[in-house]
Amino acid sequence: MQRVRLPKPRVLLDGDGIRRFYEASFHRLSGHGLWFLGGEPNVQAPEEMADARLRFLVCRLSTYRDTAGSITHGLLGQVAREVAGTFVDFAYLPPPRDLEIFLESGVPLWTGTTTKEPPRAFDVLGVSNSIAQELLNLPLALRASGIPLWKSERMADPSCPLVILGGNNSAAAAVIHGDAAGGDSGGLVDAAIVGECEEALPIFLRVLLECRERGRDKRETLRACHGRVPGFYEPDRYRYHYGTRDAERTERLLAIKAEPGVAMPVKRALVHDLDAVRINEDAPIPYDDESAGRAALPIDLGCPCFCNFCREGWEVKPYRERSPEAFLVALRRAKQMQGLHTADFMSYNFNMHARFYEILTGAMEVVDAVTMKSQRFDILAEDPLMAGVQHASGKSQFTCGMEGISERLRRFMHKNLTRNQILAACRGIFDARARELKIFLIATGREEAQDFAEWDALLADLVELRGSRPTRILASLTPLLPMPNTPSQFMASRPMAPEQNPIVSEVAAVCERRGVEFRTSIEGDETEIAQFLLLGDRRLTPILARAACDEGFLFVDGVPSGAAEFFRREAAAAAIDVDVMLGEKRDGDVLPWVEIDTGVPQTFLWEKYLEAVRFTETEYCLDRLETKGHCFQCDACPTPKHVVNLVRRRISPPPREDQVRALVDRRRHAVRLRLRVRVARQLGAAPMRFLQAAVARALLLAAPDLVPAYLRPGAVLDPFEGKAFLFGERVMDLVFLGGTSVTDVEAAARAAAPHLRWIEIADVREADSDAPTQDEITLRLRPLLPVEPARLRGATTGALRAARVKFTEKKSPRSRLFESDGRNRLGLHRLELDETAGTLTVTAATRDDLRPVLAALIPKAAAEIEVLPTATPVLTN
């Protein structure tokens, strides 16, 4: 990742200017600007914004591509829309190349993609921060969106929206809350909502609406949120006091004091009963080939374990499960609203769910595929049937966290995992003949020769246990980063780039000796920058702002080299002792996040830290097959009922093998339907998987009885292999359960128009082949940049001659027609050059890839391509 070039600031465009920019420049943007198109299924129509009482812009700190599979913005939008009178749009960080174009053109970085309105057209910017590294992007995103960096400026400007932070990282983001402009200027956001949005966001938006009706200004509105909005935190009402301690010569944080009228600490928002809130059923279908038609749907929340490095496991306690009954109702709704073929079980450890088998078999009756990512080795070891059931359901890749390379180091990290449990779990995975086993490891910095020897012996046993079975073994290692609100927060941070870390090198060497693949999950300066952003306090805010706005250090596909050196140099100039900030902490030290209560007291975290450095551990509280649950008094459970749910669970038995096999077999007896659709120019860059998901959604909304019958997208006719701006007539297959009536799908297609935008269904019929084929195709090519008629004519005739195409030419005042006299290597049958319109209409033999034809006819020029329709009429009621 390179530093972003920052051109001189210019006047920002308004909504009309942004829309003109997009129409004139979309072809210059990444992927023809598809990420900036907006209008995805399940977003509000732009005309609804005018009548809204409250306008809410969900702002991501990463790009559209990087967040396409995320549930966060879709869930935020769904929750916000349920508050009457609220309009929601979405904004993303532009990709690096587009970011420079936006800056040069005066397009606000956080422009609403559907409305093309700038941030100042909204009342609230809801900034979603998933990981600490994204905070590098916040200052530039604000400044280049026309939003003042400091709260005092924003509060003084009535036209400026409120800037509210949320997301996984919001409980410890002190580095953005400092008074970087001096005095009481305030930080980069006005307030934060810490915890679960389903609980807090509706209340927050209702308070805003109430205050607007009463004519309250922004400061009065924020004051009204205290005590009413769960997890509401207004940083500038908490004062940080610095000074020296003992014989130290440099300052450290000594105290945090709250102003009168605000809670100290703020308790994060918590959903007590997951069945009482909706999952992300109505999320937008992203313009993304991998994510369209699949959704991550949470089956539980939190974690009962005490792994001392896992921030989510501590901040999102207690562990709560969604019942299979509620989950499956939600899954059916999500399938209908998003055209789903695949459900990704979202969970920190999905095999922990007491009724996992019921959720799995139930989901297999609803969607074509179920995917599950991370699970615990110890639970696989206790249930020898689990790996086989997962594999029978279609899971071929198994991912488990082992973390420490030895039992000693696993005790240090409180992993509750023995060598025998690892071997027992892997035996089940190998017996199931899984395709891949991925093992997550952490380099603790405490590795010794005995630990490497134990890792080597374990890998030798795993390879021998696998034998001739086809399972690929992959080890992925990351350095241990002390995390806020976990026992590891007291450890000294030793940030080192993995490529320079001798521990990483030794673990990799052992893997190579044993024939096991190895990789690292973080590179370069990202390790050290993550520690500054995670563990730093408010004194780093001005350094963060300069890093982004002056130096172009942004987090996109990693952290640019030189960023860590910049932070260290600037910290030294500001007399901030980085070694103290990142060094080992002791009991009673004031940490820059203790004004927020995430559920577990600091005293309990200190006890677990002492266990870690003694290389001892206790069990975790969850009731399992072979381990009785026990409460360890961590205080995370808000009620006695939550405790009972953890330590006295009813664990469902595994299904019969024939039951799972029957659920898999039902998909093999399928009917393939072929649809011919007309796609508007707006969707010329959209991938076929998106088009298929959008059409499937429309069919399922028009005919709910088809929800259990729809399986998955099938083959497509795509002569440019997704590498062209292509609209007009497209051909796709959708696969349904065997016995599905073509007549019923045709009826649904006729009723689907209200649920489609920029797409019309022209024809539905049963497929007569495994994949769509077509003898010839007619295309209208238009260069995206204007080309003089004479130049276009010369390029066309030159291409025909170069390809040795024999042709007959006919001229008219408007156009020239070239007809092939026989076979040729371009497969051209007929070509018409419209010199007035500047287009080429080409009839050619359909090939797997027609890009050579395009390159020959319009050399060195991008073109939009319209596939001209056949005589098939559009279906109507």
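Remember, predicted model here, so these are calculated numbers, not experimental data.
Centroid-to-centroid, the aromatic rings of H73 and Y92 come within less than 6.0 Å. The six-membered or imidazole ring of F398 lies away from that of F377, with a centre-to-centre distance of 6.0 Å or more.
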For this session: Show your working on side-chain hydrogen bond (donor to acceptor under 3.5 Å, both in side chains) between T342 and R712 and close with a plain yes or no.
Result: CA-CA 8 Å; T342 297; R712 58 185 176 273; over 6 Å; no
For this session: Could you walk me through whether M372 and V370 pass the side-chain contact (heavy atoms from CB on, under 4.5 Å) test, one step at a time?
Result: CA-CA 7 Å; M372 306 158 276; V370 174; 4.2 Å; yes
For this session: Could you check L474 against I439 for side-chain contact (heavy atoms from CB on, under 4.5 Å), going step by step and ending with a plain yes or no?
Result: CA-CA 6 Å; L474 170 68; I439 300 171; over 6 Å; no
Problem set entry | Candidate pair F615 and L409, rule side-chain contact (heavy atoms from CB on, under 4.5 Å), full reasoning | CA-CA 7 Å; F615 294 92; L409 294 174; 4.3 Å; yes
Exercise. Could you walk me through whether T618 and E611 pass the side-chain contact (heavy atoms from CB on, under 4.5 Å) check?
Worked result: CA-CA 9 Å; T618 56; E611 288 181 8; 3.8 Å; yes
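Taking the side chain as every heavy atom from C-beta outward, L360 and V389 approach each other to under 4.5 Å. Residues F452 and I503 form a side-chain contact, since some pair of their non-hydrogen atoms from C-beta on lies under 4.5 Å apart. Side-chain contact between E506 and E447 is absent, with no heavy atoms from C-beta onward closer than 4.5 Å. A heavy-atom distance below 4.5 Å is found between the side chains of V516 and V463. Within the 4.5 Å cutoff, the side chain of L534 has heavy atoms near those of the P484 side chain. Annotation: side chain of R376 is in contact with side chain of N416 (closest heavy-atom distance under 4.5 Å). At least one side-chain heavy atom of Y287 sits less than 4.5 Å from a side-chain heavy atom of Y64. Taking the side chain as every heavy atom from C-beta outward, D288 and F690 never approach each other to under 4.5 Å.
Listed for the Q450 side chain is no donor-acceptor partner under 3.5 Å among the backbone atoms of E448. Between the K335 side chain and the V367 main chain, no donor and acceptor come within less than 3.5 Å of each other. The main-chain N or O of T471 is found under 3.5 Å from a side-chain atom of R466 such that the two form a donor-acceptor pair. The main-chain N or O of C400 is never found under 3.5 Å from a side-chain atom of K438 such that the two would form a donor-acceptor pair. Listed for the N280 side chain is a donor-acceptor partner under 3.5 Å among the backbone atoms of A296. Q692 places a side-chain N or O within donor-acceptor distance of the main-chain N or O of G714, the cut-off being under 3.5 Å. A donor-acceptor pair under 3.5 Å is absent between the side-chain atoms of K608 and the main chain of H414, judged by distance alone. Looking at S488, its side chain does come within 3.5 Å of a backbone N or O of M483 through a donor-acceptor pair. A donor-acceptor pair is defined here as one N or O able to donate and one able to accept, closer than 3.5 Å; such a pair exists between the side chain of T67 and the backbone of T63. Without hydrogens or angle criteria, R322 side chain to L274 main chain gives a donor-acceptor distance under 3.5 Å.
When each of R624, K628, H630 is tested with E619 by the rule side chain to side chain donor-acceptor pair (under 3.5 Å), just one qualifies, namely R624.
How far CG of L459 is from CG of L465: 12.5 Å, rounded to the nearest 0.5 Å. To the nearest 0.5 Å, atoms CD (Q336) and CG (L700) are separated by 6.5 Å. The line from CE of M402 to CG of L477 is 10.0 Å long, rounded to the nearest 0.5 Å. Expressed to the nearest 0.5 Å, how far CG of N168 lies from OG of S70 amounts to 8.5 Å. Taking CG from L328 and CD1 from I359, the interatomic distance works out to 7.0 Å, rounded to the nearest 0.5 Å. Rounded to the nearest 0.5 Å, atoms OG (S493) and CG (L481) are 6.5 Å apart.
Between D431 and R469, at least one side-chain nitrogen of the basic residue sits less than 4.0 Å from a carboxylate oxygen of the acidic one, meeting the salt-bridge criterion. Ion pair R355/E325 flagged as a salt bridge, since at least one NZ, NE, NH1 or NH2 atom sits closer than 4.0 Å to an Asp/Glu carboxylate oxygen. D289 and R65 are not joined by a salt bridge, as no carboxylate oxygen comes within less than 4.0 angstrom of a charged side-chain nitrogen. Residues R410 and E403 are not paired through a salt bridge, judged by the lack of any N-O separation under 4.0 Å between the basic side chain and the carboxylate. Classification of E464 and R514 as a salt-bridged pair fails, no side-chain N sitting under 4.0 Å from a carboxylate O. Ion pair D733/R674 flagged as a salt bridge, since at least one NZ, NE, NH1 or NH2 atom sits closer than 4.0 Å to an Asp/Glu carboxylate oxygen. The pair R661-D658 does not count as a salt bridge, with every side-chain nitrogen at least 4.0 angstrom from each carboxylate oxygen.
Summarising the geometry of R649 relative to N645, their closest heavy-atom pair is CG-O, 2.9 Å, with the distance given to 0.1 Å. Pairing each heavy atom of G629 with each of D623, the nearest pair is N-OD1, 3.0 Å. In terms of heavy atoms, P286 sits closest to A68 at CG-O, 3.7 Å. Heavy-atom minimum distance, V660 versus S393: CG1-N, 3.9 Å. When all heavy atoms of D525 and P560 are compared, the pair lying nearest together is OD2-O, 3.6 Å. The shortest non-hydrogen separation linking A292 to R689 is CB-O, 3.8 Å.
Within 6.0 Å of CD on Q659 lie more than 12 heavy atoms contributed by other residues, nucleotides or ligands.
A donor-acceptor contact under 3.5 angstrom links the side chains of E134 and N129, judged on distance only. For the residue pair T361/E358, the side-chain donor-acceptor check at 3.5 Å is not satisfied. A donor-acceptor contact closer than 3.5 angstrom links the side chains of Q390 and Q375. When only modelled atom types and interatomic distance are considered, N351 and Y357 share no side-chain donor-acceptor pair under 3.5 Å. A side-chain donor from one of R60 and S130 sits under 3.5 Å from a side-chain acceptor of the other.
Applying the side-chain contact (heavy atoms from CB on, under 4.5 Å) test to Q397 and every residue at least two apart in sequence or in another chain returns R435, E436.
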Sequence neighbours excluded and cut-off under 3.5 Å, please list the side-chain donor-acceptor pairs for residues 298-318, or say none.
residue	atom	partner	partner atom	Å
D300	OD1	S347	OG	2.8
D300	OD2	Y319	OH	2.9
D300	OD2	S347	OG	3.1
N308	ND2	F412	O	2.3
R311	NE	E315	OE1	3.2
R311	NE	E315	OE2	2.9
R311	NH1	N169	OD1	2.5
R311	NH2	N169	O	3.4
R311	NH2	N169	OD1	3.4
W314	NE1	C307	O	2.8
E315	OE2	N485	ND2	2.7
K317	NZ	C303	O	2.8
K317	NZ	C305	O	2.6
K317	NZ	G313	O	3.2

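Ring planes of F356 and F350: tilted class, angle from 30 to 60°.
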